[in-house]
Amino acid sequence: MNTIAYFLVVPLGTALLLVIFGRWVVRWAGIIVSVVFSALTALVVQCYFINQLPFTVAVGGWEPVQGIPLGIHWVVDGFTLLMLALINFTGAIVALYSISSMKSYTKLRKYYALLMLLGLGMNGVALAGDLFTMYVFLEISAISSYILVAFGRGAEELEASFKYQVLGGSASMLILFAIALVYRLTGTLNIADASRVLSGQSAEMTMLFTGALFLTGFGLKAAIMPFHSWLPDAHPAAPAPVSAILSGVVIKVLGIYPLCRLFYHFIGFEGVWTGIWLVLGAISLMVANILALAQWDIKRLLAYCSISQIGYIVIAMGLGTELGIIAGLFHMANHTIFKSLLFFNAGAIEHATGFRDLRKLGGLRTKMPVTYATSLIASFSIAGLPPFSGFWSKLLIIIACMKAGHPFLAIWAALGSMLTLAAFLKFQHHGFGGPDKEYQQSIKEVSFSSQIAMIILAILCLGMGCLMLPGLRSAILEPAANILSQGLNATTLFLGN
Amino acid sequence: MKHGMSVIVQSIARLMVPFIWMFGIYIIAHGHISPGGGFAGGVFLAGGFILITLAFGSAPDKEERSQDFASKLESEALLIFLIMASIGLVLKLGLMANLLAKTHPGLPGHIAAGGLIPWENLAIGVEVSAALAVMFIAFARHRLKE
Amino acid sequence: MTLYLLTFILFAVGLYGVWTKRHLIRIILGLVIMETAMNLFLILVGYREDGVAPIITENSSNTAVMVDPIPQALVLTAIVIGLATTALLLAFSVRIYAKYQTLDLNKIRNLRG
Amino acid sequence: MNPLVIILILMILGAILALESKDLLSGIIAMGIMGFGLTLAFLFLRAPDLALVQIIIETMTLILFIATVKITSNQETSERSISHRLLPRIAGAVFILFLTLSFYRVAEELPKFGEAVIRMAAPILAYGAAATGSANLVTAVILDFRALDTLGEATVLFTAALGILIVLRHEGEKR
């Protein structure tokens with residue numbers, strides 16, 4: 001139980017030590033950060049084996065008094081562990097990729113410190129069983145991601161980051177408002193406890209309002225469709241490794257994860273909310289895919305594609321059935337892997353050629369074989385071609401839609417998938433296919449550490465389908481889905497009777 | 001801000017700043033007894049510093065040095081706070097355990113009470129004041145450049 | 001109830017400022033207004049009729065009439081976070097001005113949405 | 001009439017002035033008025049700790065705002081025709097009215113002002129001082145019961161300072 005605290009103490013300590021003593025270790029900073037994140041990933045794996053899930057940890061030793069929590073609690077269940085694994089694994093890979101690709105920037109140790117702080121904030125959000133703690137750690141990761149987006153300080157970066165900050169800041173305020181309303185009604189900040197208090201009260205309007213506030217606030221952080229406008233600016237503007245972590249995990253941990261937790265365990269996922277989630281997901285999926293198809297900037301195409309994949313996750317989670325939740329979680333994990341890989345590829349192309357406009361690119365197949373091969377795998381994954389990972393999760397989502405009695409939604413999702421395929425065929429064709437161009441004389445494949453990062457992710461893209469196997473599925477996905485599908489009854493698991 | 005402000009402002013600042021700092025330290029030290037604490041006191045300390053800089057101005061190289069110093073001080077103060085928080089972790093009491101208070105809570109209302117709380121207040125106070133100083137100097141230096 | 005509504009109006013004014021203003025500093029002002037409203041709302045939540053400050057002294061040691069200390073702690077955190085975000089936004093607008101020589105969003109928006 | 005209502009109305013006026021004033025600097029001063037109104041409200045609401053923090057942080061924010069305006073410019077957005085300036089304001093008023101009306105029923109449902117729901121705070125009020133040794137219960141909450149939040153908050157401040165150092169750094173323009 002004590003080990004849980006390491007998820008916060010170790011990243012914060014590393015970040016501080018990097019800022020204080022970074023001058024002497026700046027050449028090794030990338031490796032240090034990567035090792036720290038890998039160690040945390042190993043810790044997650046260890047948590048799967050040694051602990052009886054779910055459990056709660058009372059921070060500072062303030063155990064509940066007569067069943068009422070008075071301090072902060074961490075909640076550790078299958079869902080938390082899945083998110084922790086994604087966060088820390090992606091952190092490790094991103095740090096590995098950063099070693100060579102960030103070389104041209106100054107203030108590198110601050111970059112790595114910020115990466116650690118981003119990981120710390122997301123770990124804190126994933127662990128929080130307390131609304132306000134969730135808000136505070138959300139702010140840590142949000143602020144570090146604002147800074148990371150603008151790390152290069154170009155005009156475009158600054159502007160995109162400013163937009164991101166303004167929308168993110170107002171989202172935080174909406175979330176804080178909702179938290180204040182919850183405290184007004186229940187007098188507690190613990191999610192499980194608040195849900196228990198509310199089950200005995202009738203406050204329909206307030207809960208509706210609170211739910212709307214949470215949905216808008218976290219929806220802004222997750223870039224669900226009507227609230228997406230910052231993402232297509234912020235993610236392309238950031239340096240490549242930062243875009244990878246932003247698109248790969250940040251939008252999920254700051255947006256989708258709290259939404260799922262709050263709606264399933266606190267507000268109650270039924271009535272009007274199912275419909276709203278499905279509609280929002282369906283809009284994000286289709287519109288973002290169409291917009292992605294129209295893009296010529298590689299990173300912008302990928303950014304719109306992130307929104308559409310978030311749409312898939314929202315639909316799957318919105319169904320509320322056990323199969324839907326499993327499919328959503330599976331797609332979340334898959335998307336983390338292949339979207340990080342695609343942003344790495346885009347970064348590699350930009351690093352090698354100096355631009356990222358598809359109209360000017362072409363013929364990179366022979367010059368950058370590793371980038372080409374890995375991006376092909378990632379593209380097929382995201383487009384949902386068998387046997388790559390994306391196929392299985394999208395198939396599950398479609399089956400879940402059918403089973404839940406939404407055949408139209410299933411067709412809609414399949415259509416969206418075809419659009420994604422079209423967008424990525426465009427990416428492959430214009431980026432790697434076609435004749436050689438004259439600028440290519442001096443082009444080299446990216447450095448070795450970046451290649452390693454891409455290859456690891458590509459292997460995972462192929463291997464993630466294994467999560468469908470019964471053994472792994474019951475070990476990893478099912479505990480997470482189980483805790484969510486229990487809905488409001490899960491409070492007894494966290495607080496006892 | 002090479003020149004600072006007029007003599008009147010400077011002498012008033014010279015008179016006031018010691019009191020502001022004393023008040024800040026008092027607030028930090030009595031955070032567990034009376035209103036205030038690390039945050040309020042830290043902001044007062046930073047306020048005194050800002051008043052001095054505004055009144056007297058400073059040279060660019062000195063600003064750079066004090067910015068580096070403040071930045072380092074800030075990180076170190078936060079590190080000390082983190083270490084205090086982790087003592088409980090090492091002793092298997094959990095992160096943030098106020099272990100002194102569990103055995104000797106002291107008498108509420110006395111300065112030697114609250115276990116780790118006064119020390120944590122001190123670390124927070126230093127962290128906050130240094131962080132605000134860093135922010136302020138960053139703005140001031142930028143103005144010098146333009 | 002009147003107080004809640006007035007606080008909410010304050011919040012809505014801030015939201016309106018963030019969404020409609022075209023000047024970077026004004027947008028930041030809108031965010032500050034929202035923060036102010038939020039801090040006030042949290043403290044209103046914890047207030048008790050005829051309550052006293054949650055500090056035990058020789059003259060006031062009856063904890064049954066004290067106001068709720070938790071929202072006060074939350075607001076303290078929120079104030080500091082607000083200062084941090086505001087300072088960061090201001091630093092950004094300073095840099096943006098250095099790049100564009102203006103803080104008017106109509107003139108600097110060159111990103112497509 | 002409750003003095004808080006008057007303070008709040010003044011704060012709302014300050015907020016509107018902050019957004020709509022002709023001059024940027026006067027808008028910032030109006031924001032300062034709103035912040036000091038908040039300090040006053042904190043005093044009325046028995047939160048001396050917060051009043052202390054708020055008054056000095058407000059001053060700090062004002063200094064930063066004014067520094068920014070001095071570094072950049074006091075220039076407003078480009079002048080446009082009357083209809084362009086009036087229309088957003090009317091739309092804004094309608095927007096605020098609509099939101100407030102939607103909040104009205106929520107406010108009706110909430111417990112009345114002055115009737116705090118004490119659940120999490122009950123044990124803290126009852127024996128928090130004895131358990132932590134801190135007579136100031138707000139400090140007890142900040143640094144003991146909810147010390148993790150404080151660690152996070154200090155980290156936020158650290159992160160923001162780091163960010164300002166990065167954004168306003170001198171050397172190296174882009175790379």
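Computed from a predicted model, the values in this text were never measured in an experiment. Letters A, B, ... are given to chains in the order of the sequence lines, protein chains preceding strands, and every chain is numbered from 1.
- In this structure the side chain of W74(A) reaches within 4.5 angstrom of the side chain of L148(D), judged on heavy atoms.
- Going from atom CE of M120(D) over to atom CG of N190(A) covers 6.0 Å, rounded to the nearest 0.5 Å.
- Open room surrounds OH on Y104(D); 12 or fewer heavy atoms of other groups in view lie less than 6.0 Å from it.
- Across all non-hydrogen atoms, the minimal contact from K112(D) to R184(A) is O-NH1, 3.5 Å.
- Across all non-hydrogen atoms, the minimal contact from G152(D) to F137(A) is CA-CZ, 4.5 Å.
- With a threshold of 4.5 angstrom between heavy atoms, T186(A) approaches chain D through N, CA, C or O but not through any side-chain atom.
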Could you check Y111(A) against I166(D) for side chain to side chain contact (heavy atoms under 4.5 Å, CB included), going step by step and ending with a plain yes or no? CA-CA 9 Å; Y111(A) 165 78; I166(D) 286 171; over 6 Å; no

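- Atoms CD and OG1, from E139(A) and T159(D) in turn, are 10.5 Å apart once rounded to the nearest 0.5 Å.
- Of the two parts of Y127(D), only the side chain, counted from C-beta on, holds a non-hydrogen atom closer than 4.5 Å to a non-hydrogen atom of chain A.
- Most heavy-atom pairs under 4.5 Å with chain D: of the set I68(A), T210(A), V65(A), L185(A), this distinction falls to I68(A).
- Looking at R119(D), its side chain never comes within 3.5 Å of a backbone N or O of T188(A) through a donor-acceptor pair.
- The CZ atom of F103(D) lies 8.5 Å from the OG1 atom of T206(A); values are rounded to the nearest 0.5 Å.
- Highest contact tally toward chain A, considering only A160(D), P111(D), A122(D), A121(D), is held by P111(D) [criterion: heavy-atom pairs under 4.5 Å].
- With a threshold of 4.5 angstrom between heavy atoms, I164(D) does not approach chain A through any atom at all.
- Put simply, CG on L162(D) and CG on L114(A) are 4.5 Å apart, with the number rounded to the nearest 0.5 Å.
- Counting heavy atoms from C-beta outward, D149(D) and Y135(A) have side chains that stay 4.5 Å or more apart.
- Ranked by heavy-atom pairs under 4.5 Å with chain D, the list V59(A), L189(A), L158(A) is led by L189(A).
- Contact of L12(A) with chain D is made through the side chain alone, with heavy-atom distances under 4.5 Å.
- Of the options L16(A), V136(A), L120(A), a side chain to side chain contact (heavy atoms under 4.5 Å, CB included) to T155(D) is made by L120(A) and by none of the others.
- Within the 4.5 Å cutoff, the side chain of F132(A) has heavy atoms near those of the R146(D) side chain.
- One distance of note links CE of M205(A) with CZ of R105(D); it measures 4.5 Å at 0.5 Å rounding.
- Contacts with chain D were tallied for I143(A), D193(A), L208(A); D193(A) has the most, counting heavy-atom pairs under 4.5 Å.
- Between L168(D) and R153(A), the closest heavy-atom pair is C-NH1, 4.0 Å.
- When side chains are defined from C-beta on, V19(A) counts as touching F158(D), because their heavy atoms get closer than 4.5 Å.
- By the 6.0 Å contact criterion, CD on E108(D) is enclosed, its count of non-hydrogen atoms from other residues, nucleotides or ligands being greater than 12.
- Both the backbone and the side chain of I72(A) come within less than 4.5 Å of a heavy atom in chain D.
- Put simply, of L181(A), L148(A), T133(A), the one with the most heavy-atom pairs under 4.5 Å next to chain D is T133(A).
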